[in-house]
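What follows is one structure encoded as structure tokens, with my remarks underneath.
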Amino acid sequence: MSNLANLRGYLHSQLRVKLPVPTKKFTDQVVIVTGSNVGMGLEAARHIARLGAAKVILAVRSIQKGEAAAKSIVASTKRDPSVVEVWELDLARYQSVEAFAQRAQLLPRIDVLVANAGIFMMEFTKAEDNETNITVNVISHMLLALLLLPKLRETAVMTGKPGVVTFTGSFTHWMTQFPERNSSHILDDLADEGKSKGRMRERYYVSKLIQLLVAREFAKELSNSSKPGKVITNVVNPGFVATQIMRHGGPVFQVYLKLMKAALSRTAEEGGRTVVNGAEGGEETHGQYLNDCQVGSPSTFVLSEEGGKVQKQLWDELMAKLEKVHPGVTQNI
Ligand SMILES: NC(=O)c1ccc[n+]([C@@H]2O[C@H](COP(=O)([O-])OP(=O)(O)OC[C@H]3O[C@@H](n4cnc5c(N)ncnc54)[C@H](OP(=O)(O)O)[C@@H]3O)[C@@H](O)[C@H]2O)c1
């Protein structure tokens with residue numbers, strides 16, 4: 001697809017497409033939603049609670065904000081307050097991810113992980129051994145997914161229904177030429193402040209491209225695994241949504257954003273519908289990029305031969321990194 005066709009498709013989605021309100025039940029399911037104190041995560045959690053989940057876990061870095069979100073979900077859905085739990089998760093710290101995953105082992109089941117939290121930063125900062133956008137948007141979510149995988153599989157065997165790991169991705173993966181792809185150590189280079197000079201404006205886009213590439217490889221690995229218990233994974237593009245994600249942009253960027261929001265944006269509730277669509281985990285969504293609540297088409301780079309090679313390189317780099325963070329975790333696949 002050309003960039004022009006892509007732009008037309010984007011405008012059509014933003015201005016014309018009416019996203020379906022989710023109706024598929026989540027009865028008896030235990031669903032974890034990261035970044036669910038505000039924005040699309042909150043609205044997705046609200047839909048999932050309304051649709052009958054037995055437990056919705058709001059995985060958030062501020063318990064206080066999470067409690068306010070839980071209250072609002074209970075008030076709007078009239079579900080019992082015990083249905084919505086607030087658990088601490090800071091994706092900028094591997095230890096927090098590990099502690100969260102350890103706590104989750106005590107749950108009777110995990111049906112769905114909604115890997116939704118995200119950060120958009122144009123300044124270079126580090127969280128753990130990576131630049132912060134990369135740690136939060138990519139590395140920690142994949143660490144969490146791998147740590148929860150045995151429980152998702154166990155649940156799938158018990159229920160006969162595939163587990164689901166859905167990532168909130170972005171159309172912005174189209175918006176970078178990703179020159180870092182030419183490195184023999186892509187993740188290391190992205191963690192290097194000197195090499196990131198002049199590149200931070202696109203870093204969020206790069207993080208969303210890497211997230212999509214590694215999720216596609218994750219899907220392949222899941223399909224090839226002989227372990228019992230099927231797990232579906234997909235990446236959702238919610239479109240452009242009026243939330244707080246770009247709160248770290250500078251003042252000029254905020255003016256531009258305000259205009260764009262007024263002209264084009266979806267509401268957080270509408271964006272939340274796309275996230276729930278991913279969480280439903282339709283078989284046809286495995287390894288796919290979802291657009292307007294159906295299987296869509298990722299960028300031409302992602303689909304290219306080069307994109308395939310970079311995808312494999314990134315996967316290998318990521319697995320080596322995660323083995324260092326949590327030895328043995330890659331064996332969960
Ligand atoms: N809005 C858009 O147009 C758009 C478009 C495409 C994709 N997305 C993606 O949609 C997802 C949800 O974002 P949103 O638009 O709903 O924005 P949002 O309202 O800013 O929500 C982002 C969520 O991520 C959480 N978060 C950030 N850093 C975290 C960390 N270190 N540990 C745990 N949680 C963290 C935030 O928590 P705090 O409130 O504590 O910061 C918040 O709950 C993100 O992945 C974003 O990249 C957004």
Side-chain angles (χ1 to χ4, degrees), residues 10 13-14 32-46 57-70 72 86-97 99-100 113-121 125-128 130-144 166-175 203-212 215 235-249 253 256-258 260-261 263-279 289-292 296 298:
Y10 168 77
S13 292
Q14 292 296 133
I32 295 169
V33 188
T34 72
S36 39
N37 54 293
V38 283
M40 281 184 265
L42 168 58
E43 297 311 323
R46 193 190 308 283
I57 295 172
L58 308 185
V60 296
R61 60 179 166 174
S62 155
I63 292 290
Q64 202 188 358
K65 289 184 191 172
E67 294 291 0
S72 118
V86 180
W87 290 22
E88 189 178 334
L89 172 67
D90 182 356
L91 292 153
R93 293 185 298 115
Y94 294 147
Q95 236 183 24
S96 174
V97 177
F100 182 95
L113 168 63
V114 181
N116 165 78
I119 198 149
F120 179 112
M121 290 186 69
T125 61
K126 274 183 98 163
E128 300 288 3
N130 317 286
E131 185 280 318
T132 304
N133 286 285
I134 303 295
T135 298
V136 173
N137 299 347
V138 183
I139 314 281
S140 284
H141 266 139
M142 197 51 85
L143 174 63
L144 183 62
T166 182
F167 297 92
T168 308
S170 175
F171 61 93
T172 59
H173 81 272
W174 277 88
M175 293 165 54
R203 182 56 56 89
Y204 171 81
Y205 313 156
V206 166
S207 78
K208 289 294 173 179
L209 174 56
I210 295 179
Q211 176 200 42
L212 176 56
V235 179
V236 169
N237 168 30
F240 176 47
V241 183
T243 65
Q244 299 169 31
I245 189 73
M246 291 167 189
R247 65 187 102 156
H248 298 293
F253 187 72
Y256 160 77
L257 200 60
K258 206 168 169 189
M260 289 291 285
K261 275 185 182 171
L264 282 180
S265 69
R266 289 171 169 166
T267 65
E269 187 279 317
E270 288 169 326
R273 297 180 198 176
T274 68
V275 176
V276 178
N277 174 248
Y289 172 75
L290 309 182
N291 204 24
D292 295 340

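Quick note: numbers below take in every heavy atom, side chains included, and nothing from hydrogens, waters or symmetry partners. When a ligand or atom number is given, it counts from 1 through the structure's own listing order. Fair warning: this is a prediction, and the values are worked out from it, not measured in the lab.
Among protein heavy atoms, atom 32 (N) of ligand 1 sits closest to L91 N, 2.9 Å. The closest protein non-hydrogen atom to atom 38 (P) of ligand 1 is R61 NE, 3.6 Å. Remark: minimum distance from atom 16 (O) of ligand 1 to any protein heavy atom is reached at M40 N, 2.9 Å. Nearest protein neighbour of atom 43 (O) of ligand 1, counting heavy atoms only, is N37 OD1, 2.6 Å. Looking from atom 15 (O) of ligand 1 to the surrounding protein, the closest heavy atom is T243 OG1, 2.6 Å. If you check which protein heavy atom lies closest to atom 45 (O) of ligand 1, you get N116 O, 2.7 Å.
With a heavy-atom cut-off of 4.0 Å, R247 touches ligand 1 through its side chain alone.
The heavy atom nearest to atom 6 (C) of ligand 1, out of those in A242, S170, G271, is found in S170. Considering V38, V33, V60, T132 only, the shortest heavy-atom separation from atom 19 (O) of ligand 1 involves V38. Closest to atom 9 (C) of ligand 1 by heavy atom, among L257, V136, D90, T168, is T168. With atom 47 (O) of ligand 1 as the reference point, the heavy atom nearest to it among Y204, F167, F120 is part of Y204. For atom 3 (O) of ligand 1, the nearest non-hydrogen atom from the set V241, T34, L42 comes from V241. Nearest residue to atom 35 (C) of ligand 1 from G35, G66, A44, A117 is A117 (criterion: closest heavy atom).
Looking at F240 next to ligand 1, no N or O pair under 3.5 Å apart turns up.
Using a 4.0 angstrom heavy-atom cutoff, S62 does not count as in contact with ligand 1. Using a non-hydrogen distance threshold of 4.0 Å, K208 registers as a contact of ligand 1. Ligand 1 lies nowhere less than 4.0 angstrom from a heavy atom belonging to S265.
Looking only at atom types and distance, the side chain of R46 has a donor-acceptor partner in the side chain of S72 under 3.5 Å away. Side-chain contact check for S207 and N133: no donor-acceptor pair (N or O, by modelled atom type) lies under 3.5 Å.
Contact annotation: the side chain of K65 never approaches that of V60 to less than 4.5 Å [non-hydrogen atoms, C-beta and beyond].
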